[in-house]
Participant: 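Have a look at this one.
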Amino acid sequence: MILDHLNEEQKKPALATQGAVLVTAGAGSGKTRLLTHRIAYLVQELNVAPYRILAITFTNKAANEMKERLSQMISGVDDMQVSTFHAMCTRMLRRDAEKLGYTSQFSIYGDQERDRVLKRFIAENQLGEEINVNTLSWHISNAKNKLQNVEAYAHTIRFDKHAEIIIKAYQFYERELQASNALDFDDLLVKTYILLRDFEDVRTYYQNRFLYIHVDEFQDTNQAQYEIVRILAQGHGNIFVVGDEDQCIYTWRGAEVENIQRFLKDYPNAQVFKLEQNYRSTKKILEKANMLIKNNSVRLEKNLWTENEEGVKVEEYVTYNDIEEAEYVAQTISTLLQHGYKNSDIAILMRVNAQSRILEEKLLNYNLSHQIYGGFKFFERKEIKDTLAYLRIVANPNDTDALTRAIAFPKRGIGDASVQQLYTISQTYGETMHELILTGNHLTPAMQKKLEPFKQQLLYLEQTVTQMPMAEWVEHIVGYLGIKEAIGSKTEEDLTKQLNVDDFVKSVKEFADANTGAEITDYLQSITLMRDIDTFDETQNYISVMTVHASKGLEFPVVFIVGLNEGVFPLSRAIKSNNPSELEEERRLMYVAVTRAEKRLYLTRSRTRFSFETHSLEYTTESRFLKEMGGFQEASSGALVRSRYTYSESSTQLQTEALASKLSSAISASKPQAPAQQPKKNYALYKTGVLVTHPTFGKGEITLGVTDFVSLFVTVKFETVGVKTLSLKFAPLEIIESEG
């Protein structure tokens, strides 16, 4: 029987096929195996039609893995709906968007598009000194995650000093989305919930269709996702959810760990099962994980155990500063590679992206192949966004953001003032910018003449899109519009951008080859819903450098967790908060980090770190999480980075003899100097890929831009002196060309 491949813990929930079932599954306990085998059992043994089954998860990577496993066990997987929440909701909305006042060709706005709309709101209302885009963006997303419209959220934040501005921004943003026939990521959930709640025919259709509903990573559901699943399950009542409250790490974006308790309340007769056997990690690694997570109070009691080997001890290492910490990590990785490990076996996990700056520099120094996740994504590069704008216009002519971007590139003598005038006329007369350009209504003869070449381009795109295959059309319009010529070829950066455009065209072809009959809208949807981690490729041989959030769902033979100081991990915000749940989430995040490791786990910290407030080295204290896992055993009182390694073949254990050697040059480099302060810079412009110049080092390209935590350092690869990390607060670094 198909369930013979499961252990006894897994078989019990797999056989519980009627009613509500909750499985609390510990890290590495085989929940994907359970889900796929249960679904295969329903189809193969109980003769359930594949199209009657719904399986929802949180990443495309997880969904694809589930479909691949299922296809090896049963037929008919293509008829089964196995997808992320957002992909499922997009599919539902494409079918019935008209009921909500949208067309089926609606655009999906990501973070950049949302921020551009909010920047326009701030500019039009001259609010630059009062509030920033990030604050407005957070509030709007928070409101939608709580299923609160403008009126409801106005009541929620009535005591906030910026309440009036926030609500006006929310109203402005919603009007812009509606006018542009666009939805943002939060809307995909909210509008689907409204669709199911308010339209009986839609609700009945899906309730009848899905006989069995499965939800993976249930602890990460927010209120909208919970409500969608609850409504769908009202049809037949067969709802199977798998989650681990110990791994709920997304409350900052609306996830509610309480949804597990809420599930038990809403389904009082639910069957509850635990998966505690871990197949991933050694006993020593699990010992640390269990010691850590037992300090949380909001959890269902469970204790991970394994039949795996005892394993080597968890290595703990302390250095003088974070430069030496990165040096230790790079040295240790070099030794591991000499003794049989591959780059792809290794991950370096950090609490925030900012920590990657020094790590990347050391990995480059040691010539270690690596990939940093969470950086500047391919489809967010300016040249790619500019090209995509034309596809977005063809798919959805009402998309104001896409039209505004397309007008500006390639340059055609239409400045910001003209675009703003066009936008104002559009708002005044209630016609889209696209309509105004094509008809000339309400435009002066001079403006009509200025817009005529762009109008002809739009007409040509719309006429030709149906005359050739999608990939061929995209390649054709890139040439027709002169996109690569507009980029130019004067610098190496220009050539890189041109190659990026070529890669973009290639990505369209690959998508078209893999999805017969797909249209522009399908391609746009696929890249819009793509998360950074969806591009993770186990077949590529590089070291993975990522935040703990990004590592969720992955596993590696060797894991380094760096920066284990109070104020970094856990963050100082959580330490200072009066809300104990924030500290519990930090602990869950550490638990996720520890349980990514299969064979070897390294925990590192530095005794000092550079303070950007005082511009001096400050002493740190070890993370409380280290104490909770048994304490941090320091090898010496000095800087502990130059190490000699021996390798025992019999025990496969690396033995480390630390040599206390002060890296004086590295330490002095980290200490603050007092040069004359440069004029205030716009740090946001110093991004990966931007060309810069330095009076001493010459011309270079930023390989790691300013991050959300540090906001002061950039790493630059100079043509003459190689890689340097410089402080924007002091270094006379000037931009030659900016991404935007």
Participant: Do Met546 and Gln371 pass the side-chain contact (heavy atoms from CB on, under 4.5 Å) test, and can you show the C-alpha distance, the side-chain angles, and the key distance before you say yes or no?
Facilitator: CA-CA 8 Å; Met546 61 182 68; Gln371 173 78 35; over 6 Å; no
Participant: Under 3.5 Å, is there a donor-acceptor pair between the side chain of Arg299 and the main chain of Lys302?
Facilitator: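 Side chain of Arg299 to backbone of Lys302, a donor-acceptor pair under 3.5 Å: yes, one is there.
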Participant: In terms of side-chain geometry, is the basic nitrogen of Glu316 or Lys288 positioned less than 4.0 Å from the acidic oxygen of its partner?
Facilitator: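 Yes, Glu316 and Lys288 are salt-bridged.
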Participant: Give the intermediate values and the outcome of salt bridge (charged side-chain N to carboxylate O under 4.0 Å, His left out) for residues Lys342 and Asp345.
Facilitator: CA-CA 5 Å; Lys342 305 188 300 292; Asp345 291 335; 3.5 Å; yes
Participant: Can you confirm whether the side chains of Thr621 and Glu566 place a donor and an acceptor under 3.5 Å from each other?
Facilitator: no
Participant: Can a donor-acceptor pair be found, under 3.5 Å and without considering hydrogens, that links the side chain of Gln277 to the backbone of Leu304?
Facilitator: no
Participant: Determine, for Glu309 against Lys599, whether the closest basic-nitrogen to carboxylate-oxygen distance falls under 4.0 angstrom.
Facilitator: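 Yes, Glu309 and Lys599 are salt-bridged.
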Participant: Without hydrogens or angle criteria, can the side chains of Glu582 and Ser577 be said to hold a donor-acceptor pair below 3.5 Å?
Facilitator: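 Yes.
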Participant: Are the charged groups of Glu327 and Lys362 less than 4.0 angstrom apart, N to O?
Facilitator: yes
Participant: Spell out, as yes or no, whether a donor-acceptor pair under 3.5 Å connects the side chain of Tyr341 to the backbone of Ile333.
Facilitator: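 No, Tyr341 side chain to Ile333 backbone: no donor-acceptor pair under 3.5 Å.
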Participant: Under a 4.0 Å N-O cut-off, is there an ion pair linking Glu585 with Arg588?
Facilitator: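 Here Glu585 pairs with Arg588 in a salt bridge, since their nearest N and O are under 4.0 Å apart.
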Participant: Ignoring hydrogens and geometry, is there a side-chain-to-backbone donor-acceptor pair from Glu701 to Val690 under 3.5 Å?
Facilitator: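 No, Glu701 side chain to Val690 backbone: no donor-acceptor pair under 3.5 Å.
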Participant: Please state whether the rings of Phe504 and Phe379 are parallel, tilted or perpendicular, taking 30° and 60° as the class boundaries.
Facilitator: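 Plane angle over 60°, so perpendicular.
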Participant: Please check this pair: side chain of Tyr320 against backbone of Glu325, looking for a donor-acceptor N/O pair closer than 3.5 Å.
Facilitator: no
Participant: Looking only at non-hydrogen atoms, find the nearest pair between Tyr279 and Gln10 and report the distance.
Facilitator: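 Smallest heavy-atom distance, with atoms named: CE1-NE2, 4.0 Å.
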Participant: Checking Gln219 against Glu217 for the side chain to side chain donor-acceptor pair (under 3.5 Å) test, could you report, in this order, the C-alpha distance in whole Å, the side-chain angles of both residues, the deciding distance, and whether it holds?
Facilitator: CA-CA 5 Å; Gln219 77 282 347; Glu217 305 286 7; 2.8 Å; yes
Participant: Is there side-chain contact between Thr282 and Thr306, with heavy atoms separated by less than 4.5 Å?
Facilitator: no
Participant: Just do the side-chain contact (heavy atoms from CB on, under 4.5 Å) check on Thr547 and Leu349 with the steps written out, would you?
Facilitator: CA-CA 5 Å; Thr547 64; Leu349 306 185; over 6 Å; no
Participant: Is there a donor-acceptor pair under 3.5 Å between the side chain of Ser334 and the backbone N or O of Ala330?
Facilitator: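 Answer holds: yes.
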Participant: Under 4.5 Å between any side-chain heavy atoms of Leu564 and Phe625, yes or no?
Facilitator: no
Participant: Is a side-chain donor or acceptor of Ser344 paired with a backbone partner of Tyr542 at a separation under 3.5 angstrom?
Facilitator: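 No.
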Participant: Do the non-hydrogen side-chain atoms of Leu691 and Lys699 ever get within less than 4.5 Å of each other?
Facilitator: yes
Participant: Would you call Thr36 and Lys67 a side-chain contact if the rule is heavy atoms closer than 4.5 Å?
Facilitator: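 Answer no - side chains too far apart.
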Participant: Measuring only between side-chain heavy atoms, which start at C-beta, is Arg605 closer than 4.5 Å to Val562?
Facilitator: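 A side-chain contact is absent here, since even the closest heavy-atom pair is not under 4.5 Å.
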Participant: Is a salt bridge present between Asp502 and Lys506, judged by a nitrogen-to-oxygen distance below 4.0 Å?
Facilitator: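 So Asp502 does not pair with Lys506 through a salt bridge.
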Participant: Is Ser623 reaching over with its side chain to a backbone N or O of Phe569, donor-acceptor style, under 3.5 angstrom?
Facilitator: yes
Participant: Under the 3.5 angstrom rule, does the side chain of Thr57 hit a backbone N or O of Asp216 as a donor-acceptor pair?
Facilitator: no
Participant: Looking at every non-hydrogen atom in both residues, tell me the closest pair between Leu571 and Val568 and how far apart they are.
Facilitator: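 Heavy-atom minimum between the residues: CD2-O, 3.3 Å.
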Participant: When you check the gap from the basic side-chain N to the acidic O, do Lys484 and Glu383 get nearer than 4.0 Å?
Facilitator: no
Participant: Can you check whether His370 reaches Asn343 side chain to side chain, under 4.5 Å on heavy atoms?
Facilitator: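 Of all side-chain heavy-atom pairs linking Asn343 with His370, none is under 4.5 Å.
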Participant: Output the distance between atom CD1 (Ile346) and atom CG (Leu337), rounded to the nearest 0.5 Å.
Facilitator: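 Interatomic distance, Ile346 CD1 to Leu337 CG, rounded to 0.5 Å: 4.5 Å.
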Participant: Kindly indicate whether the side chain of Glu628, heavy atoms from C-beta on, has any atom under 4.5 Å from the side chain of Lys294.
Facilitator: no
Participant: Is the closest basic N to carboxylate O distance between Arg69 and Glu65 below 4.0 Å?
Facilitator: yes
Participant: Would the distance check show the side chain of Asn278 and the main-chain N or O of Ser29 forming a donor-acceptor pair, the cut-off being under 3.5 Å?
Facilitator: no
